[in-house]
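A short write-up of the structure that comes next.
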Amino acid sequence: MHGCFVAALLSRLPEGMFVACSPGSSRCLLPQYHKRLPPIGHAAPRAHVKAGALPGWKWIGATFGVKKQPLWKKAVQFASTHASGLLQTAVWSLLTVWFASWLRPRMIMTATASAAGGRLRQGSKFVPQRPREEDAIKGYINTEMSGSQPMGTAFLVVTGSQGIGKSTMLKKTFSKLWKRGWWRGRWILPMEADLKPGESLQLSTLLATVLRQPDKDKPSQEIWLLTTLNELCKACTRGPVVVYLQLTTKNRADQFSYDECDAIASAVGAFARRLTYDVPLCKFIVEVSVSLIADKILEKFNMSRLVVVQPLPFAEFVKVMKTDKMMSGRLEQVVGKDAGQIEEVLKYYYLRAGGNFRDLAELLENVAVAGLKGAAAVKFQIEQWYQVKIQPLLDCLAIQSGNNQPSKFQGFLESVAKAGPTGYLCKNASDRSLQRELRLEKPVAGIIRSTTSTSITLKHWHFTFKILGESEQNMKDFGYM
């Protein structure tokens, strides 16, 4: 049987004769099925089998001994049979790629920017007014970006002493811009970077992390991210996105050298310039407490503008202390409920520290932990804190000019202090030389800081109080109270 079967397969029978052997039989059944078959084609075998000519047998002629169809006919038949499936697969593939590469990143960015702006609204309900600083920030944000390079301020640098409420003021200003709804107000994108000595800033990576996008480690990644986000923001709010970078020094004992401050300023300034000046993509506001970093940014990037947040006036400071439930409760617990004594303690502290809320809370906590009470105990604690804080200034004044003469910085620093909080403008080469020397001599302590690109002031309120002879009247006369 097997020999007959193989011989039949190998033979080219004329006129498409079907050749088969019966399963389980030892004899050839070829004579029994000498029948003429229909014309060769795809339908012929199936139709012939269905007609009952060969029940239960396989159509071998479809593979062997049959003239094959042209390739183009097979392609047309295959396409016509599977066209709908192929089209559906192609459409879904394109939709999947479009969703993953275009729609999904934009949906994530939109949701992130909206949620980030909402978080800025959290915080204290009572925030004191700072009209000068708030107007400067709002004016910058509301300025239209036109042209390839803005003619005015490209980005803002907000600085000031620690603990006086810079972040609170900024968040209040941003929340007013956002409160009407993310689809009508401005989108605010907050970023926070912790400054540590010896560590470099990876701002492009930070931006990708904040926007919940993969870090592609490309120099132009921040350009693509901000371009995409800004297009979405303008479509929804008709204004550019506002990027708020907060450079924090959580460990207040960290010491930054002059070179480290210069490197941080270069990194932050270059990042801000790329996004606001080279290619105007957003409004960029950076907050930093280290005054030398702020000064170096202003020095290196003249398209930036410095905004120095001043301490609150004494009356506003007292109002905040009485309004805040935690601080007012702590004052009553440590000082007592006598309003006169509370105001006396607050004035004693304000003369030496200005509007530093953070340090006052810490001092009151120290008095409470020591088990002491009363105005005298609090004032003693304040005096000890004050003596520690002015030590860098005393070290600076101890540097003599030679031949046992008084410090060469004494007269210069007195002139700076008497110019008031708006700042002192160096009048000659000697002043400019002393200014450069002070910055190089004490970069960590920061005896002086800039208020504008040309004027300077003493960095801390306690330095001013010491230079002006620790006199309340002098503080009032020169505009500090």
Side-chain angles (χ1 to χ4, degrees), residues 160-166 249-256 289-291 310-314 317-318 320-322 324 326-399 407 409-410 413-414 417 441-449 457-476 480-481:
S161 300
Q162 291 184 338
I164 63 173
K166 298 186 303 297
T249 51
K250 294 182 178 179
N251 187 358
R252 299 174 69 181
D254 285 341
Q255 302 292 318
F256 293 90
S289 295
V290 182
S291 62
Q310 299 292 344
L312 290 173
F314 178 66
F317 176 75
V318 173
V320 173
M321 297 303 297
K322 291 181 178 180
D324 189 275
M326 186 185 70
M327 293 301 297
S328 60
R330 179 63 74 182
L331 280 169
E332 291 182 359
Q333 177 187 357
V334 177
V335 179
K337 295 186 177 181
D338 189 312
Q341 287 192 339
I342 290 178
E343 188 160 346
E344 179 185 348
V345 168
L346 291 178
K347 179 177 284 189
Y348 190 86
Y349 174 78
Y350 186 86
L351 285 169
R352 289 156 179 79
N356 192 324
F357 300 99
R358 186 186 306 165
D359 286 338
L360 178 58
E362 183 179 348
L363 292 172
L364 292 174
E365 182 70 22
N366 293 341
V367 175
V369 170
L372 302 175
K373 287 187 178 181
V378 178
K379 290 167 72 175
F380 177 79
Q381 189 73 236
I382 293 172
E383 184 63 27
Q384 297 303 310
W385 172 89
Y386 169 69
Q387 294 299 327
V388 173
K389 289 294 185 180
I390 64 173
Q391 191 59 48
L393 176 64
L394 298 178
D395 294 341
C396 178
L397 295 176
I399 301 175
S407 172
F409 298 120
Q410 180 73 42
L413 292 177
E414 287 179 358
E441 188 69 33
K442 294 288 182 182
V444 176
I447 304 298
I448 60 174
R449 71 177 180 206
T457 187
L458 295 181
K459 179 180 179 182
H460 295 297
W461 193 278
H462 41 263
F463 291 167
T464 304
F465 186 62
K466 180 64 177 178
I467 288 293
L468 294 179
E470 300 180 345
S471 168
E472 178 182 348
Q473 189 59 46
N474 286 343
M475 296 291 285
K476 292 180 179 179
Y480 293 96
M481 293 185 68

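These figures come from a predicted structure and were not determined experimentally.
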Among all residues two or more places apart in sequence or in another chain, which pass the side-chain contact (heavy atoms from CB on, under 4.5 Å) test with [X]?
X: Q310; answer: R132, E133, V308, P421, R449
X: A361; answer: M327
X: E414; answer: Q410, I467
X: S471; answer: Q473, N474

For [X], all residues meeting side chain to side chain donor-acceptor pair (under 3.5 Å), sequence neighbours excluded:
X: K476; answer: E472
X: Q384; answer: none
X: E332; answer: none
X: E383; answer: Y348, R352, Q387

Y350: what forms a ring pair (Phe, Tyr, Trp, His ring centres under 6.0 Å) with it, not counting sequence neighbours?
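Once residues adjacent in sequence are excluded, the partners of Y350 under the ring pair (Phe, Tyr, Trp, His ring centres under 6.0 Å) criterion are F314, F317, W461.
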
What pairs with Y386 under ring pair (Phe, Tyr, Trp, His ring centres under 6.0 Å), at least two apart in sequence or on another chain?
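Y386 satisfies ring pair (Phe, Tyr, Trp, His ring centres under 6.0 Å) with F465 once adjacent residues are dropped.
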
Shortest non-hydrogen contact between I390 and F463, atoms and distance:
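The answer is CA-CE2, 4.0 Å.
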
Just jot down the salt bridge (charged side-chain N to carboxylate O under 4.0 Å, His left out) partners of K373, sequence neighbours excluded, or say none.
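Residues passing salt bridge (charged side-chain N to carboxylate O under 4.0 Å, His left out) with K373: none at all.
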
My understanding is that only residues two or more places apart in sequence, or in another chain, count here; which of them pass salt bridge (charged side-chain N to carboxylate O under 4.0 Å, His left out) with K466?
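Checked K466 against salt bridge (charged side-chain N to carboxylate O under 4.0 Å, His left out); matches are E470.
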
Are the side chain of K166 and the backbone of S161 linked by a donor-acceptor contact shorter than 3.5 Å?
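Answer holds: yes.
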
Apply side-chain hydrogen bond (donor to acceptor under 3.5 Å, both in side chains) to N366 and E362, showing your working.
CA-CA 6 Å; N366 293 341; E362 183 179 348; 4.6 Å; no

